[in-house]
Amino acid sequence: MTKPDSTPPPNFIRNIIDEDLKTNKYGGRVHTRFPPEPNGYLHIGHAKSICLNFGLATDYGGPCNLRYDDTNPSKEELEYVESIKEDVRWLGFDWEDREFYASDYFEQLYEYAIQLIKAGKAYVDDLSADEIREYRGTLTKPGKESPYRNRTVEENLELFERMQAGEFKDGSRVLRAKIDMASPNLNMRDPVMYRILHAEHHRSGNKWCIYPTYDFTHGQSDSIEEITHSICTLEFEDHRPLYDWFLDELNLYHPQQIEFARLNLSYTVMSKRMLLELVEHGHITGWDDPRMPTISGFRRRGYTPESIRDFCERIGVAKRDSMVDIALLEHCVREDLNRRAPRVMAVLRPLRVVIDNYPEGQVEELDALNSPEDPSMGTRKVPFSRVLYIEREDFREDPPKKFYRLAPGREVRLRYAYFVKCVGVIKDEQTGEVVELHCTYDPETRGGDSPDGRKVRATLHWVSASHSLEAEVRLYDHLFVKPDPTDNKDGSDFKTHLNPNSLETLTSCRVEPSLAGAAPGSRYQFERLGYFCVGSVDSSQGALVFNRTVTLRDTWAKIEKAQAKGATVTEAPGQAKPAHPRKGAPATGRREELEPIGEEISIDDFSKIDLRVGLVRDSSAVEGSNKLIKLMVDIGEGRLRQIFAGIRPGYPEPEKLVGKKVIVVANLKPRQMKFGLSEGMILSGGDTDRLCAPTFEGDPLPGDTVT
Ligand code: ATP
Ligand code: MG
């Protein structure tokens with residue numbers, strides 16, 4: 001089993017376990033389980049549960065079971081069962097010989113049901129499903145007892161046996177627990193324990209035509225397996241009294257159910273039902289489509305198990321539902337691949353470049369580093385010749401400000417090769433499109449430096465035209481355009497928010513020859529472009545297909561965006577910097593009198609900023625910086641966020657901030673700084689010398705929204 005790299009941070013589940021160990025509640029044992037229902041492929045939310053259950057077991061030196069919660073007979077189960085094993089194994093966890101199935105307990109569960117009937121705690125009900133729902137009442141209205149509730153034990157025993165014998169139609173009768181129809185907890189209003197379903201089960205075949213419900217199965221399965229801590233997601237919190245009731249009434253060994261918040265990730269969905277819908281409607285190519293949030297999708301896309309485990313560790317466990325920014329997951333994989341993926345050069349949208357003064361037929365093998373950060377990864381040879389390809393977007397005939405790459409008359413560096421200068425541009429006569437560039441090279445600059453100290457402002461990647469290999473490259477983007485596609489306040493179906501551009505396929509890409517025969521699944525950094533892996537499903541012999549795992553950050557796109565914004569401002573001269581044209585300003589002119597002190601944004605823009613109350617748990621100066629303070633802030637996520645804030649001038653004694661409640665911008669993309677990852681921003685005010693962070697007094701809790 002894989003050991004986590006560092007001591008895990010405390011969380012409320014660990015606290016419970018520590019306490020149980022102290023009081024010897026389970027004789028010093030810790031035994032967990034991961035209980036998937038085999039009705040779909042596992043997604044990243046399941047990864048969180050897997051890392052948690054297997055991780056806790058490893059840390060406390062106990063076992064973790066893999067238990068299929070297969071009480072619903074359905075035909076695809078076998079495929080799902082296999083995929084689940086593959087995914088758990090791939091994530092780096094091992095259940096050894098502890099592979100269990102709830103269906104293996106059907107006999108035992110049946111005995112338990114008989115036991116409850118005999119004790120007068122369960123009865124056969126003839127009401128229809130609709131009637132049961134109606135009798136159940138609501139949160140504000142107590143339930144009504146079924147007219148069949150007071151059947152005798154004998155009658156119940158006989159009817160239940162006949163249900164089992166197949167005498168009744170689907171849905172005609174159920175077995176219910178006799179608890180309390182007036183309970184404030186709807187789950188305690190005589191919940192259903194068994195229903196009739198004449199359906200074949202992938203393991204028990206046609207042996208049963210009655211199947212136990214989740215509630216009647218889960219706790220007893222935990223008990224049979226002698227689980228100590230039964231960890232599940234928050235929606236089962238209201239089921240816990242029922243979990244406890246069954247175990248107590250049956251007088252069985254009693255594990256502790258503990259609930260935590262499920263993972264929600266932005267720009268995707270995390271429900272098997274929705275994912276299945278995408279598969280069935282053909283919106284993606286299957287459960288393992290690289291755009292899917294499934295473990296198999298991430299695997300095919302080039303994610304490493306280490307990066308997913310790291311992500312699960314960072315998000316921690318909490319008692320409060322929240323949405324994690326997908327940028328954090330992307331950050332984790334980028335960080336991991338930065339360490340392990342060798343650099344290569346590939347050109348996605350090739351533009352032909354002829355080096356006029358380079359001898360025809362000459363080829364030089366240049367040395368290229370496999371990792372500039374890790375010399376132990378060695379070097380490789382890259383062929384250089386007279387005709388090359390560079391990236392189309394690395395050339396602009398009419399370069400805008402701050403565009404430092406190739407342009408007519410301009411000199412740039414070709415990575416590991418020479419300085420080249422653009423001396424000619426050939427265009428298609430009809431379309432005006434640039435089809436070829438002519439350059440000259442400076443033989444003195446071999447390796448990429450000029451002996452006369454001449455500087456260039458850009459280094460481009462390239463490949464040799466005749467030596468490079470053709471490849472197909474698939475660029476993936478978020479599956480949805482809306483951060484929370486399931487937010488249907490406007491009545492929209494989640495599928496209407498699918499990103500039409502989530503996949504772009506480029507077919508005439510060129511990659512350096514060292515990639516010939518690259519093993520399926522192997523991962524590379526294409527210099528300046530991102531991380532890519534050889535498609536294991538997609539590459540057939542001879543045809544190279546690469547999947548983009550994640551991009552590198554693109555500073556140019558940001559600059560261009562900022563410039564595009566700036567352009568609107570200059571189009572309206574004479575006005576005091578309006579960010580938006582003043583459409584719809586009231587005719588009274590009153591609006592005109594209120595000049596905003598900053599650029600105006602709309603309420604929609606503002607509502608995108610997630611402001612939270614943060615409790616500062618630790619605050620210290622950052623060595624090597626006289627501006628920054630490093631803060632560890634609790635914003636109710638069950639873990640602390642590390643935030644670097646430039647407020648040192650206002651807080652010469654940073655520890656004074658400990659215990660203060662500050663305002664945190666919680667949905668900023670994490671930013672890698674020289675000193676570490678910064679996961680948010682602290683609001684502060686004042687000029688540089690007297691910056692001060694507003695703080696709260698009294699009631700607000702860490703994680704509360706600031707409005
Ligand atoms: P879905 O809602 O996606 O269909 P599920 O809860 O029905 O998921 P199961 O197969 O029953 O799926 O889940 C197995 C385990 O994984 C359960 O313990 C469940 O609580 C946990 N789990 C499922 N989704 C998440 C999630 N998004 N975050 C954390 N844990 C999850
Ligand atoms: Mg479930």
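Numbering of ligands and ligand atoms starts at 1, following listing order. Remember, it's a predicted structure, so these values are computed and weren't measured experimentally. Throughout, numbering of the chain's residues begins at 1 and tracks the sequence.
- The ring-ring contact (aromatic ring centres under 6.0 Å, His included) analysis of residues 11-33, with sequence neighbours excluded, yields the pairs Tyr26-His229.
- Glu259 pairs with exactly one of His239, Arg240, Glu235 by the side chain to side chain contact (heavy atoms under 4.5 Å, CB included) rule, that one being Arg240.
- Inclusion of Asn39 in the set of residues having an N or O under 3.5 Å from an N or O of ligand 1 is not warranted.
- Ring pair Tyr243/His254 is tilted by interplanar angle, where 30° to 60° counts as tilted.
- Counting heavy atoms only, Lys272 comes closest to atom 1 (P) of ligand 1 of the residues Met274, Lys272, His218, Arg67.
- Residue contacts with ligand 1: Phe260 is placed with no nitrogen or oxygen under 3.5 Å of a nitrogen or oxygen of the ligand (distance criterion only).
- Inclusion of Lys48 in the set of residues having an N or O under 3.5 Å from an N or O of ligand 1 is not warranted.
- Listed by atom number, the atoms of ligand 1 under 4.0 Å from Glu37 heavy atoms are 9 (P), 10 (O), 11 (O).
- Atoms of ligand 1 lying under 4.0 Å from any heavy atom of Pro35, numbered from 1 in the order shown and given with element: 14 (C), 18 (O).
- The distance criterion of under 3.5 Å between nitrogen or oxygen atoms is not met by Ala261 with respect to ligand 1.
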Test side-chain contact (heavy atoms from CB on, under 4.5 Å) applied to Val613 and Leu701, step by step = CA-CA 7 Å; Val613 176; Leu701 290 174; over 6 Å; no
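- Here is the list of ligand 1 atoms found below 4.0 Å of a heavy atom in Ser271: 3 (O).
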Between Gln220 and Ser223, does a side chain to side chain donor-acceptor pair (under 3.5 Å) hold up when you go through it step by step?
-> CA-CA 5 Å; Gln220 284 80 288; Ser223 177; over 6 Å; no
When you look at Asn65 and Arg98, which way does the side chain to side chain donor-acceptor pair (under 3.5 Å) test go after all the steps?
-> CA-CA 5 Å; Asn65 296 356; Arg98 293 177 308 276; 3.2 Å; yes
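- Checked against a 3.5 angstrom limit, the closest N/O atoms of Asp69 and ligand 1 fall outside it.
- For the residues Phe34, Tyr80, Tyr41, the heavy atom positioned nearest atom 15 (C) of ligand 1 is part of Phe34.
- Atom CE of Met681 is surrounded by 12 or fewer heavy atoms from other residues, nucleotides or ligands within 6.0 Å.
- At least one N/O-N/O distance between His46 and ligand 1 falls below 3.5 Å.
- Contact annotation: for Arg273 versus ligand 1, there are no heavy atoms closer than 4.0 Å.
- In terms of polar-atom proximity, Glu235 is not counted as a contact of ligand 1, lacking any N or O under 3.5 Å from an N or O of the ligand.
- With a 4.0 Å heavy-atom cut-off, ligand 1 is reached by no atom of Phe236.
- Using cut-offs of 30° and 60° on the angle between ring planes, the pair Tyr68 and Tyr101 is parallel.
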Which pairs of donor and acceptor atoms, one on a side chain in residues 292-301, lie under 3.5 Å apart (sequence neighbours left out)?
residue, atom, partner, partner atom, Å
Thr294, OG1, Trp287, O, 2.6
Thr294, OG1, Gly297, N, 3.0
Arg299, NH1, Asp87, OD1, 3.0
Arg299, NH2, Asp87, OD1, 3.0
Arg300, NH1, Asp288, O, 3.4
Arg300, NH1, Asp288, OD1, 3.1
Arg300, NH2, Asp538, OD1, 2.7
Arg301, NE, Arg548, O, 3.4
Arg301, NE, Thr549, O, 3.1
Arg301, NH1, Pro290, O, 3.3
Arg301, NH2, Thr549, O, 3.4

